[in-house]
Amino acid sequence: MQNISAAWLYPIILIAGALQAWGPPMNGALRKSLTNPWLASTVSFLPILALLIVLFLCMPRPLPTVEGVTTMRWWAPLGGLVGSFAVITGLLFVDKIGAGPFAGLTITANILMSLAVDHFGMFGIQQHSLNMWRVLGGALMTGGIVLIAMF
């Protein structure tokens, strides 16, 4: 999967982004049906866990090395926990503001934080400095979500 060409990479990323818009309304419906938001969150994550277990059993290689595990940064395994906050937030609030504003707010916040992550080279990624065009893009995203949320 690491050697995938750009001809496939970008369409797959666009599909993943489009499918992300389905998650909060689906999770909101799950919460309504199960009443308890914590049970709904757990049920929402179970298919993910099952899929990952099946994928690992089908493709168990490569396995981590001792060096990789011992040099891993303390925060590296917390990405899923951070992502669960977005899932739980959608599960709780998407029906209150709508799928468009919810997605717009989360995507805009994601873009703005990603600009900071890029600028400072956080979490071990290659540093990409802010410039006028990146700042303008963030400002346009912010303006766009203000319009979506207001109307």
Side-chain angles (χ1 to χ4, degrees), residues 1-6 8-31 34-97 99 101-142 144-145 149:
M1 296 295 292
Q2 295 297 332
N3 298 328
I4 192 166
S5 75
W8 286 101
L9 180 67
Y10 289 103
I12 290 170
I13 292 170
L14 288 170
I15 291 167
L19 289 175
Q20 276 186 318
W22 292 4
M26 292 171 137
N27 285 330
L30 182 64
R31 182 197 40 84
L34 298 181
T35 307
N36 184 314
W38 313 120
L39 175 61
S41 296
T42 303
V43 170
S44 177
F45 281 105
L46 288 177
I48 298 166
L49 180 61
L51 173 66
L52 292 174
I53 289 170
V54 168
L55 288 173
F56 176 73
L57 291 174
C58 292
M59 298 179 282
R61 301 280 188 269
L63 291 172
T65 64
V66 172
E67 179 185 0
V69 173
T70 58
T71 60
M72 178 175 56
R73 303 296 295 258
W74 68 267
W75 42 258
L78 300 179
L81 185 61
V82 171
S84 72
F85 185 73
V87 171
I88 292 168
T89 303
L91 185 134
L92 293 172
F93 303 125
V94 70
D95 59 335
K96 293 179 179 26
I97 65 169
F102 181 84
L105 287 166
T106 57
I107 292 166
T108 301
N110 185 306
I111 292 292
L112 296 175
M113 182 57 73
S114 295
L115 289 172
V117 168
D118 277 351
H119 181 72
F120 295 108
M122 297 167 67
F123 306 111
I125 69 162
Q126 182 179 350
Q127 193 263 346
H128 298 274
S129 296
L130 277 176
N131 59 39
M132 177 184 72
W133 300 111
R134 287 178 151 231
V135 171
L136 178 61
L140 290 171
M141 290 287 297
T142 302
I145 189 49

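No hydrogens, no waters, no symmetry mates; every other heavy atom, side chains included, goes into these values.
Among pairs with a residue in residues 107-120, those fulfilling side chain to side chain donor-acceptor pair (under 3.5 Å) read Asn110-Ser114, Asp118-Arg134, at least two apart in sequence or across chains. Applying the salt bridge (charged side-chain N to carboxylate O under 4.0 Å, His left out) definition to pairs two or more places apart or across chains, none involves residues 43-65. Among residue pairs with one or both ends in residues 75-96, those qualifying as salt bridge (charged side-chain N to carboxylate O under 4.0 Å, His left out) are Arg31-Asp95; sequence neighbours excluded.
For CE of Met122, the number of neighbouring non-hydrogen atoms (other residues, nucleotides, ligands) closer than 6.0 Å is greater than 12.
Atom CG in Leu19 sits 8.5 Å away from atom CE in Met26 (nearest 0.5 Å). The line from OG1 of Thr142 to CG of Leu105 is 10.0 Å long, rounded to the nearest 0.5 Å. The CD1 atom of Ile4 sits 8.5 Å away from the CD1 atom of Ile13 when rounded to the nearest 0.5 Å. Here Leu136 contributes atom CG and Leu140 contributes atom CG; the two are 4.5 Å apart, rounded to the nearest 0.5 Å.
Within the 4.5 Å cutoff, no side-chain heavy atoms of Gln20 are placed close to those of Ile107.
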Solution key, residues 71-92 side-chain donor-acceptor pairs under 3.5 Å, sequence neighbours excluded:
unit_1, atom_1, unit_2, atom_2, d
Thr71, OG1, Glu67, O, 2.7
Ser84, OG, Leu81, O, 2.6
Thr89, OG1, Phe85, O, 2.6

Throw together a table of side-chain donor-acceptor distances under 3.5 angstrom for residues 36-60, partners on residues two or more places apart or in other chains.
unit_1, atom_1, unit_2, atom_2, d
Asn36, OD1, Trp38, N, 2.8
Asn36, OD1, Leu39, N, 3.1
Ser41, OG, Pro37, O, 2.9
Thr42, OG1, Trp38, O, 2.9
Ser44, OG, Asn27, OD1, 2.9

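Ala29 meets the side-chain contact (heavy atoms from CB on, under 4.5 Å) test with no other residue; sequence neighbours excluded.
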